[in-house]
There are 2 protein chains.
Amino acid sequence: MTNQREKITIQQIADYADVSISTVSRVLSGNAKVAADKHEAVLAAVKALNYRPNMFARGLASGQSMTVGVITQHISSPFYDAITKGILEVFEDSPYSPLIVDGQWKLEIEKRALHTLQNRQVDGIIVVGGNLELETLKAFDQHTPVVVVAREIEDFKERCIYTDNFQAAYNATQFLIRAGHKEIAHISGLLEHPDANLRLQGYKQALIDANIPYREDLIVHGNFLPQSGLLAVEALFTRNQTFSAIFCANDQMAMGTQLALYRRGIRVPADVSLIGFDDQPASAFMTPPLTTMRPPAEEMGRSAAAHIFSILKKMPYEAQDHTCELIVRESVSRVR
Amino acid sequence: MTNQREKITIQQIADYADVSISTVSRVLSGNAKVAADKHEAVLAAVKALNYRPNMFARGLASGQSMTVGVITQHISSPFYDAITKGILEVFEDSPYSPLIVDGQWKLEIEKRALHTLQNRQVDGIIVVGGNLELETLKAFDQHTPVVVVAREIEDFKERCIYTDNFQAAYNATQFLIRAGHKEIAHISGLLEHPDANLRLQGYKQALIDANIPYREDLIVHGNFLPQSGLLAVEALFTRNQTFSAIFCANDQMAMGTQLALYRRGIRVPADVSLIGFDDQPASAFMTPPLTTMRPPAEEMGRSAAAHIFSILKKMPYEAQDHTCELIVRESVSRVR
DNA sequence: TTATATTATGAAAGCGTTTTCAAGGATAAT
DNA sequence: ATTATCCTTGAAAACGCTTTCATAATATAA
């Protein structure tokens, strides 16, 4: 039933339905009117012979690959994984297939990935995060539409799907401030990464707006990995800092932070409050469950896919808002 | 520099290098000898004109797509993600591209995925987990080679990359027993899932071999998700069971378990020891860090990719062993 | 040397579609 | 009725490559 002796071509369908191959092609692609009876006959033939069009012939003749490239950054970050998931979801019921290639957050590898996709003649690409520069992206966009997700690129914003990291960080910090905290440490992400920087700025602004002095000595630079959260706490203690709350630039570092605190017998949130960013799946099950900022990752992924599709179909795309949501759990308490 | 006016065809290379297109094709595919000087000339032309072969024309003419389908199960399980990562890694430096489609652990969707891949005429496929039945797989394998990873299918083992879940669970349980535990609860995974069942059996056998009675009332059936671990602990207490250790069929449930214990003020490992399975990234940063069984996920992914490549190249493949490793951290203590 | 087996090369025949083009039939307008 | 217009349809020309086949050139054997 799956396939009988392979190799059913459009010609056989034409013969079976007693029409020309042009007609078959037309009903299959829907690019032109054909009489109702022939239309039906063709469909019947397709079903009867279990015909599968040959993608290569199609691609060669039409110049369309029905494939969209996706450049991911697979350092197993739950946030990016969620985006990818959202993207794949939308592809599910589309005629396009995603071609996923890994950029690994390395410019060189990302460029190679772009080449691969170019070679495969994808009809469009979705870039998830990464470091590709504006010019590269724009050049590529010249011949193949590009959509970028989880990144905000000046002068290319109409093609970017992103969330306001500054505002989200601002809100997270404000939440801490409103709980009475004044000595709030911040463990930043990799500052080369725009998100990390934006979050740091948001944190800073929230302090300033609340008339709390911004203190360099309460900042530790991490790299988004859990281990760096742990190290950051050690650094804070080495500096002999006191603080009643920590805002981590992501949940992974919050986990490291939490462990460091636990090892020192410091309780969360009784002694120190903790707030993260990302709401990765594990965060809801930390002890205690982590209060964190949740970016609409899957939703952004879905938007990105929807966006590229509407470009391919030459339909207008209506931009959506993607704002982070504060998930209040149990890692923050009012200051003693 | 990226591409100048598109559309460089093999013909132009032939003209530029002053040879026939057949010759160009031959040096590019390496399927036949060509004189050294022409060989060089062609390569030079390719570089000079920045030629990229058209995949569709290639595929159409040769019948090869240079694409391998990967059916994943993207319910964001760190274990399966790690496998995918391993697979992608090996693809990186191969002429093949992976075509990833999501099976979502649903038979019907997996079958549709198989169809998609068939339509795209992949040269081979890698199935990560999932529920596809032996017959389906074998039928497909008739025309397109199949490799299965993270699953052990009777009568198809030569194509399966898996780890011994029974033995791993046995060892994990034995570790608890050797630490003096006798009342060991087990939170199983979804029993429809072979891995879950194997782990349960391994647990059982370890008890039996240690002369500890196997007690149904110490078993709770979970579904691999964290929430079910939490619920399982509640169930245990509702049943009024006493136990000094819990073996969870995966780390995610261990997190739920840990949270449930924490809520009740039960300390790990002081009051109850906990052991998981998978060693997901978050486990090393739980409070306390989780002792767990680590399956060589990435390695298995790499093996799967290597296996399919060797089949495609018609080279022999030497099977490798993939055994789990016990990662001892801080969630298990000797019994009081 | 001459006859024979190899080898490198080009011409040309596909591969299975889409799409342009022209023709024929039907419909509408005069 | 007669002519002009519109659709539907099939023939045939791409699409850009691989591969078979025949040929010319070269190396080997006699």
Side-chain angles (χ1 to χ4, degrees), chain A residues 3 5-43 45-46 49-67 95 118-123 143 312, chain B residues 3 5-43 45-46 49-67 95 118-123 143 312:
Chain A
N3 67 334
R5 225 68 339 269
E6 297 267 3
K7 296 293 163 191
I8 305 293
T9 79
I10 201 173
Q11 182 63 64
Q12 320 206 27
I13 301 298
D15 294 347
Y16 190 103
D18 201 32
V19 295
S20 74
I21 64 169
S22 323
T23 301
V24 176
S25 174
R26 282 190 265 259
V27 356
L28 259 33
S29 67
N31 288 334
K33 298 237 117 60
V34 333
D37 54 338
K38 312 215 176 205
H39 187 101
E40 238 172 77
V42 168
L43 256 31
V46 165
L49 304 183
N50 185 31
Y51 168 70
R52 316 287 188 92
N54 180 311
M55 298 305 267
F56 295 112
R58 256 226 232 288
L60 181 58
S62 72
Q64 302 237 298
S65 66
M66 299 313 279
T67 298
Q118 190 162 203
N119 278 345
R120 298 245 158 203
Q121 283 150 278
V122 295
D123 295 334
H143 52 271
L312 291 175
Chain B
N3 67 333
R5 226 60 349 264
E6 297 266 5
K7 297 293 163 192
I8 305 294
T9 76
I10 200 173
Q11 182 65 62
Q12 321 207 31
I13 301 299
D15 294 347
Y16 191 103
D18 199 33
V19 296
S20 74
I21 64 168
S22 323
T23 302
V24 175
S25 173
R26 282 190 266 260
V27 356
L28 259 34
S29 66
N31 289 333
K33 298 236 116 64
V34 333
D37 55 336
K38 313 217 174 204
H39 186 101
E40 238 173 77
V42 168
L43 257 31
V46 164
L49 303 184
N50 186 29
Y51 167 70
R52 315 288 186 94
N54 180 311
M55 297 307 262
F56 295 111
R58 252 223 232 290
L60 183 57
S62 72
Q64 301 237 301
S65 64
M66 299 313 279
T67 298
Q118 191 162 201
N119 278 345
R120 298 246 158 201
Q121 286 151 277
V122 295
D123 296 334
H143 52 273
L312 291 173

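Keep in mind that what you see is a predicted model, and the values were worked out from it rather than measured. The sequence lines fix the lettering, A, B, ..., with proteins before strands; numbering per chain opens at 1.
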Response to the item:
Heavy atoms of A:Ser65 and A:Asp123 approach each other most closely as N-OD1, 2.9 Å
Worksheet entry | Shortest non-hydrogen contact between B:Tyr51 and B:Leu28, atoms and distance | CE2-CD2, 3.5 Å
Take the protein atom [atom1] of [X] and the nucleotide atom [atom2] of [N], then report the distance between them rounded to whole Å.
X	N	atom1	atom2	value
B:Lys7	D:dC15	NZ	P	8 Å
A:Met66	C:dT18	CE	P	11 Å
B:Ile8	D:dC17	CD1	P	10 Å
B:Met55	D:dC15	CE	C1'	16 Å
B:His39	C:dA8	NE2	P	13 Å
A:Ile13	C:dG16	CD1	P	13 Å
B:Leu49	D:dG16	CG	C1'	15 Å
A:Asp15	C:dG16	CG	P	14 Å

Minimum-distance nucleotide (side-chain atoms of [X] versus [options]):
X	options	value
A:Tyr51	D:dA11, C:dT17, D:dC17	C:dT17
A:Val34	D:dG16, C:dT17, D:dT9	D:dT9
A:Asn54	C:dG10, C:dT17, D:dG16	C:dT17
B:Ala35	C:dT9, D:dC17, C:dT19	C:dT9

Discussion item. Could you check whether B:Ser20 and B:Thr23, counting side-chain N and O atoms only, form a donor-acceptor pair closer than 3.5 Å?
Written reply: yes
Worksheet entry | Earlier contact from the 5' end, DNA chain D, for A:Ile21 and A:Lys38 |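 Here A:Lys38 is the residue nearer the 5' end.
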Determine: side-chain N/O of [X] to OP1/OP2 of [N], distance under 4.0 Å, yes or no.
X	N	value
B:Ser22	C:dG10	no
A:Ser25	C:dT18	yes
B:Asn31	D:dT18	no
B:Lys33	C:dT9	no

Give [X] one of three labels, base, sugar-phosphate or nothing, depending on what nucleic acid heavy atoms sit under 4.0 Å from its own.
X	value
B:Leu28	nothing
B:Thr9	sugar-phosphate
B:Thr23	sugar-phosphate

Discussion item. With side chain to side chain contact (heavy atoms under 4.5 Å, CB included) as the criterion, how do B:Thr67 and B:Arg120 come out once you've worked through the C-alpha distance, each side chain's angles and the decisive distance to 0.1 Å?
Written reply: CA-CA 9 Å; B:Thr67 298; B:Arg120 298 246 158 201; over 6 Å; no
Fill in: Steps toward side chain to side chain contact (heavy atoms under 4.5 Å, CB included) verdict (A:Arg52, B:Gln121)
CA-CA 10 Å; A:Arg52 316 287 188 92; B:Gln121 286 151 277; over 6 Å; no
Practice prompt. Begin from the C-alpha positions of B:Asn54 and B:Thr9 and carry the test side chain to side chain contact (heavy atoms under 4.5 Å, CB included) through to its verdict.
Written response: CA-CA 8 Å; B:Asn54 180 311; B:Thr9 76; over 6 Å; no
Worksheet item: Between the side-chain atoms of B:Arg26 and the base atoms of C:dG10, is any donor-acceptor pair under 3.5 Å?
Response: yes
Worksheet, complete the sentence: Whichever of B:Ala32 and B:Ala57 has the more 5' nearest nucleotide on DNA chain C, that residue is B:Ala32
